[in-house]
Amino acid sequence: QVQLVESGGGLVQAGASLRLSCTASGRTFSSYAMAWFRQAPGKEREFVAAISWNWNASRKYYADSQKGRFTIGRDTAQNTVYLQMNSLKPEDTAVYYCAAGRGDPGELKTEYEYAYWGQGTQVTVSS
């Protein structure tokens, strides 16, 4: 049974940083893309960042609004994907979800292409 478990969310002030983690278990993810999505109240779930799980091909992709502020990475030894978020803004407030989908992260940009999801972790940024 595949499980993705997120952690690291919380309440911070604008300008602060947070590091989200996602621990994956239940299968081999070597041919998978791992991604972060987020969903703000009343809005659709949106893509944040994605990375390939393959140790030899660590490609990373970001939504334009997060480039330069967010960094995605993974530790395959720990089966963990993380999202380092810096210079947080109130508009970053959302539930952040970890997802896994089979394929190239550069081609998987919508939630419908990811088969496995975590339960989400709340990030709240106050002004």
Side-chain angles (χ1 to χ4, degrees):
Q1 181 180 357
V2 174
Q3 280 193 314
L4 303 177
V5 180
E6 302 101 332
S7 61
L11 171 63
V12 297
Q13 291 187 331
S17 298
L18 275 177
R19 183 183 175 102
L20 306 182
S21 295
C22 170
T23 301
S25 62
R27 68 162 299 129
T28 301
F29 292 95
S30 58
S31 60
Y32 275 66
M34 306 296 291
W36 289 94
F37 285 77
R38 69 185 184 184
Q39 188 167 20
K43 295 187 177 181
E44 295 184 351
R45 193 171 298 187
E46 65 174 357
F47 171 81
V48 174
I51 188 171
S52 60
W53 190 261
N54 190 306
W55 182 258
N56 294 323
S58 181
R59 297 181 296 276
K60 303 177 183 180
Y61 300 87
Y62 299 93
D64 288 342
S65 60
Q66 282 88 46
K67 284 183 180 178
R69 296 192 302 126
F70 291 4
T71 301
I72 190 171
R74 87 275 186 273
D75 182 341
T76 53
Q78 298 295 324
N79 273 7
T80 298
V81 177
Y82 63 84
L83 183 70
Q84 177 67 42
M85 305 186 294
N86 299 326
S87 302
L88 283 164
K89 305 175 182 179
E91 51 263 43
D92 293 318
T93 295
V95 177
Y96 284 71
Y97 296 91
C98 176
R102 189 177 180 88
D104 188 307
E107 298 177 0
L108 305 181
K109 292 293 182 64
T110 72
E111 60 179 304
Y112 308 105
E113 296 166 299
Y114 286 84
Y116 303 108
W117 291 84
Q119 81 288 353
T121 185
Q122 176 71 46
V123 172
T124 303
V125 185
S126 63
S127 57

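Panel note: side chain Ser52, backbone Arg59; a donor-acceptor pair is recorded below 3.5 Å. In this structure, the side chain of Lys60 engages the main chain of Ile72 through a donor-acceptor pair within 3.5 Å. The backbone N or O of Ser87 lies less than 3.5 Å from a partner atom in the side chain of Arg69, making a donor-acceptor pair. Remark: the backbone N or O of Trp36 is not paired with any side-chain donor or acceptor of Tyr96 at under 3.5 angstrom. Judged by distance alone, the side chain of Glu6 and the main-chain N or O of Cys98 form a donor-acceptor pair under 3.5 Å.
In plain terms, the two heavy atoms of Gly120 and Tyr97 that are nearest each other are CA-CD2, 3.6 Å. The shortest heavy-atom contact between Leu108 and Arg102 is CD1-O, 3.7 Å. Closest approach of Gln84 and Asn86 over heavy atoms only: NE2-OD1, 3.0 Å. Contact between Ala14 and Pro90 at its shortest, heavy atoms only, is CB-CD, 4.1 Å. The two residues Gln78 and Thr80 come nearest to each other via the heavy atoms O-OG1, 2.9 Å. Taking all atoms of both residues into account, the shortest heavy-atom contact from Phe29 to Leu4 is CZ-CD2, 4.4 Å.
Under the 4.5 Å side-chain heavy-atom criterion for Ile, Leu, Val, Met, Phe, Trp and Tyr, Tyr32 and Val2 are members of the same hydrophobic cluster. The hydrophobic clustering, which links ILVMFWY residues whose side-chain heavy atoms are closer than 4.5 Å, places Met34 and Val95 apart. Transitive grouping of hydrophobic side chains (ILVMFWY, heavy atoms separated by less than 4.5 Å) keeps Phe37 and Val81 in distinct clusters. Linking Ile, Leu, Val, Met, Phe, Trp and Tyr residues whenever their side-chain heavy atoms come within less than 4.5 Å places Tyr62 and Trp53 in a single cluster.
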What verdict does the side-chain contact (heavy atoms from CB on, under 4.5 Å) test give for Leu88 and Phe70, after you've listed the backbone C-alpha separation in whole Å, the side-chain angles of each residue and the deciding distance to 0.1 Å?
CA-CA 9 Å; Leu88 283 164; Phe70 291 4; 4.0 Å; yes
Please walk me through it: do Gln122 and Thr93 pass side-chain contact (heavy atoms from CB on, under 4.5 Å)?
CA-CA 8 Å; Gln122 176 71 46; Thr93 295; 4.0 Å; yes
Step by step, would you call Thr23 with Asn79 a side chain to side chain donor-acceptor pair (under 3.5 Å)?
CA-CA 6 Å; Thr23 301; Asn79 273 7; over 6 Å; no
Step by step, work out the side-chain contact (heavy atoms from CB on, under 4.5 Å) result for Glu111 and Gln39.
CA-CA 11 Å; Glu111 60 179 304; Gln39 188 167 20; over 6 Å; no
Between Met85 and Val123, is a side-chain contact (heavy atoms from CB on, under 4.5 Å) present by the stated rule, with each step listed?
CA-CA 10 Å; Met85 305 186 294; Val123 172; 3.9 Å; yes
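Rounding to the nearest 0.5 Å places CG of Leu83 at 11.0 Å from OG1 of Thr121. Here CZ of Arg45 is found 12.5 Å from OH of Tyr114. Values are rounded to the nearest 0.5 Å. In this structure, Glu91 CD and Lys43 NZ are separated by 8.5 Å, a value rounded to the nearest 0.5 Å.
The ring of Phe47 has its center no closer than 6.0 angstrom to the ring center of Tyr61.
Annotation: cation-pi pair Arg19/Tyr82 present, NZ/CZ under 6.0 Å from the ring centroid and within 45° of its normal.
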